[in-house]
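So the structure is just underneath, and the comments pick up after that.
Computed from heavy atoms alone, side chains included, the values below leave out hydrogens, waters and symmetry copies. Chain letters run A, B, ... following the sequence lines, proteins first and then strands; every chain starts at 1.
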Amino acid sequence: MRHTGMHGGWWLKATSLALALLALAAPGAAFAQTTAEPTTISVALPATAELGQLVTLQARLLDGSGQPLARAAVLFTSPSSFLNVSGDAVVGRAMTDEQGLAVATFEVRSAGQIAIQAEFRGSARLAPARGEATMAVGEAARQLYVQQAGVRVPGLNAPPAVGPLAMMDEASIPSPLAALYALWPSMSGWPIAAVLLTIWSLYVFVVALLFRVARAGGEVRAPAQLRWSSQSGAAAGTAEASPGGNRWSQEVQSQGGGR
Amino acid sequence: MEAVSRWVSQSGVRVQPGLPAAWRERLEARALRPLVGGGRGYLLWLVFLLAVIGWAVHAYSSQVEDGLIVTGMRDRISWGVYIASFVFFIGISHAGTLLSAILRATRARWQMSITRMAEFITVVALMVGALFPLIDMGRPDRLLNLLVFGRWQSPLLWDVLAITTYLTGSSLYLYLPLVPDFALCRDRLGPAVPGWKRWFFQAAALGWNGSPRQHHTLERAMTVMMVIIIPVAVSVHTVVSWIFAMTLRDPLNSTIFGAYFVAGAIYSGIAAIILLMAVLRKLLHLEEYITQTQFVNLGYLLAEFTLIMGYMNLSEYVTTGYKMQEGAPFHFQQLMVGPFAGLFWFYIFGGLLVPGLIILRPRTRTIAGVVAAALLVLLAMWVERYLIVVTGFRVPLMPYQPADYLPTWVEWSILAGAFALFALLISIFAKLFPVISVWEVIEHRGPEPVAAARSAGPVPRRELGGLPQRSTL
């Protein structure tokens with residue numbers, strides 16, 4: 001029992017020592033985390049923008065010594081709310097380049113003072129950073145979404161494209177064609193219009209045929225060879241007159257038309 | 001033209017030599033008799049329908065006064081009974097003209113006696129169905145916005161254009177084969193009808209006398225319309241489906257919606273024709289001309305479409321259910337085991353499986369069986385449209401609590417009014433036009449085969465126009 005007791009005491013001391021060391025190490029580790037290299041991020045925005053404008057968002061990420069940090073992910077967010085839900089909506093993502101610059105584009109969709117935040121979420125070595133800038137967005141007197149819906153087929157409801165689409169910017173279009181190109185999107189409904197025009201033209205043709213039927217009736221009515229006479233009940237000139245026609249008509253009259 | 005010259009023209013209709021005169025007389029008598037006046041029962045029926053319509057107008061006036069808040073629709077489920085009924089009525093409108101045109105194009109003679117009813121349904125269902133978007137708008141004055149601010153890119157505008165084009169085409173297609181029958185009314189009814197009706201028949205007959213030239217011109221016009229109306233009809237329901245499929249909603253995000261809606265339209269339309277046939281056959285005593293042949297043949301078509309609809313449902317649910325993308329689990333849950341499970345399984349079993357079995361089993365493939373199957377199909381297809389609309393909108397677009405939708409008395413009243421209007425227009429049309437295309441039956445069909453005619457039962461003597469009753473077979 002004594003021997004055992006000696007061994008038990010040693011084990012207890014070792015465990016206590018290990019716990020003490022662990023207790024000392026924990027704050028150390030926490031301290032080590034808080035001492036990750038600090039970073040700073042700054043956001044650059046245009047001071048003003050118009051509703052619907054495509055705005056370039058820029059953020060520069062620097063380490064503690066002011067050196068740019070490359071290949072770091074930067075998230076651009078903007079506070080927003082819809083119905084009862086509010087939070088930071090992600091409006092862009094970018095990686096920093098050799099100068100520590102992250103660039104993203106964002107289409108402004110609401111007017112007023114817009115806040116844009118750039119966020120670097122940190123890493124094992126680098127501390128997270130967050131920066132914010134604002135811009136004033138004016139309400140332009142135009143629709144935010146114009147001619148965006150639908151399938152755009154070059155040559156059909158969009159200007160015909162020759163070569164890579166990226167080359168078809170307005171500046172490269174020769175001036176005589178520029179007016180036509182500007183007009184083209186407004187003609188986007190013409191395929192539908194063409195189909196409708198074809199169908200309605202055929203309707204008109206059918207109506208014209210009906211007029212022809214009426215005219216043919218007028219031409220042949222005079223001889224009255226093929227038409228029944230409701231008064232006499234006889235078919236003038238008809239080879240096989242229906243003997244019951246007039247009688248049936250009288251029957252209907254006498255019944256008073258009831259079902 | 002040689003064939004024409006061999007025939008004998010009587011009352012503007014080309015009659016093949018050897019066609020029993022008594023049969024023709026009886027057909028004309030039966031077809032034209034409903035056009036002469038109306039009994040007390042008919043008037044009471046009209047009064048009842050007008051009362052229902054009046055109640056619906058009252059409900060609609062409360063909606064116009066207070067806004068759409070009187071309905072069950074809110075911001076999250078903003079389409080309900082109105083749009084479901086719109087799709088339903090536009091759907092049943094298809095069978096009419098489409099079926100009539102397809103059967104005419106394929107020279108299926110058995111359908112000659114029912115084409116007129118099919119075309120009636122088209123025009124009437126379009127008239128009623130087109131009212132629903134207007135009712136759904138809440139403020140009817142906003143219809144003008146469609147003209148002022150309408151955009152070619154919007155499926156809503158395509159829908160308006162397609163329906164207008166289809167209604168015009170269907171009306172023309174209804175009118176063309178009516179011309180010789182109007183001439184028949186003009187020549188045969190005479191003073192038996194009021195003056196305004198005589199004037200109407202005179203004007204609508206366009207001086208028809210059945211000359212070869214008139215026949216040739218009319219048949220040409222009918223051929224043109226027959227060819228146009230098929231793609232127009234298909235396009236209309238495709239466009240209706242795009243109203244749903246082009247919204248960013250998970251359950252409606254389907255590439256087969258166009259074909260699915262067209263098939264559903266024909267399916268429900270055939271059922272509507274069968275029901276109308278059954279009603280008019282009974283009321284107007286048309287048993288000799290609308291026989292088991294027409295019912296069974298339409299029943300076969302119905303059975304084929306149960307398979308097509310079943311296949312499309314399977315294809316849709318298997319592909320979306322296999323991927324289970326965002327929104328799909330919620331949709332499947334609400335549809336199959338959730339709050340809409342009863343309606344969904346009624347649609348699957350009552351609308352697809354049972355009608356198919358009724359028609360495929362020889363014992364139940366009777367007139368009564370086909371009518372029962374058609375009734376089930378019609379009910380189930382309204383339910384199917386309701387499910388598409390309501391469950392499609394119920395899947396949340398954002399993380400919010402799913403909304404619920406319960407139609408209010410206003411919506412049910414307007415729906416009842418729409419059905420009453422449908423019945424009213426059919427009832428009025430049945431008094432203005434012969435419900436059977438008399439001249440086409442005489443020229444192209446002739447007497448029904450023996451077995452089918454026997455199923456029609458005896459013909460009351462008083463309807464034979466004084467002719468001795470004799471066998472026409």
Side-chain heavy atoms of Tyr203(A) within contact of Thr165(B), under 4.5 Å:
yes
CZ of Arg215(A) to CZ of Arg213(B), rounded to nearest 0.5 Å, is 7.0 Å
Near Leu54(A) CG, under 6.0 Å, is it more than 12 heavy atoms from other residues, nucleotides or ligands? yes
Separation between CG (Leu161(B)) and CH2 (Trp200(A)), nearest 0.5 Å, reads 9.5 Å
Item to complete: State whether the number of non-hydrogen atoms from other residues, nucleotides or ligands found under 6.0 Å of Arg212(A) atom CZ is greater than 12.
Response: no
Of all heavy-atom pairs linking Gln214(B) and Val213(A), the shortest is NE2-O, 2.8 Å
Okay, Thr168(B) and chain A: the region with an atom under 4.5 Å from a heavy atom over there is both
CG of Leu210(A) to CG of Leu172(B), rounded to nearest 0.5 Å, is 7.0 Å
When the 4.5 angstrom heavy-atom criterion is applied to Val227(B) and chain A, the contacting part is neither
Applying a strict 4.5 Å limit to non-hydrogen atoms, the region of Phe211(A) in contact with chain B is neither
TODO: Answer yes or no: does atom CZ of Arg121(A) have more than 12 heavy-atom neighbours from other residues, nucleotides or ligands under 6.0 Å?
DONE: no
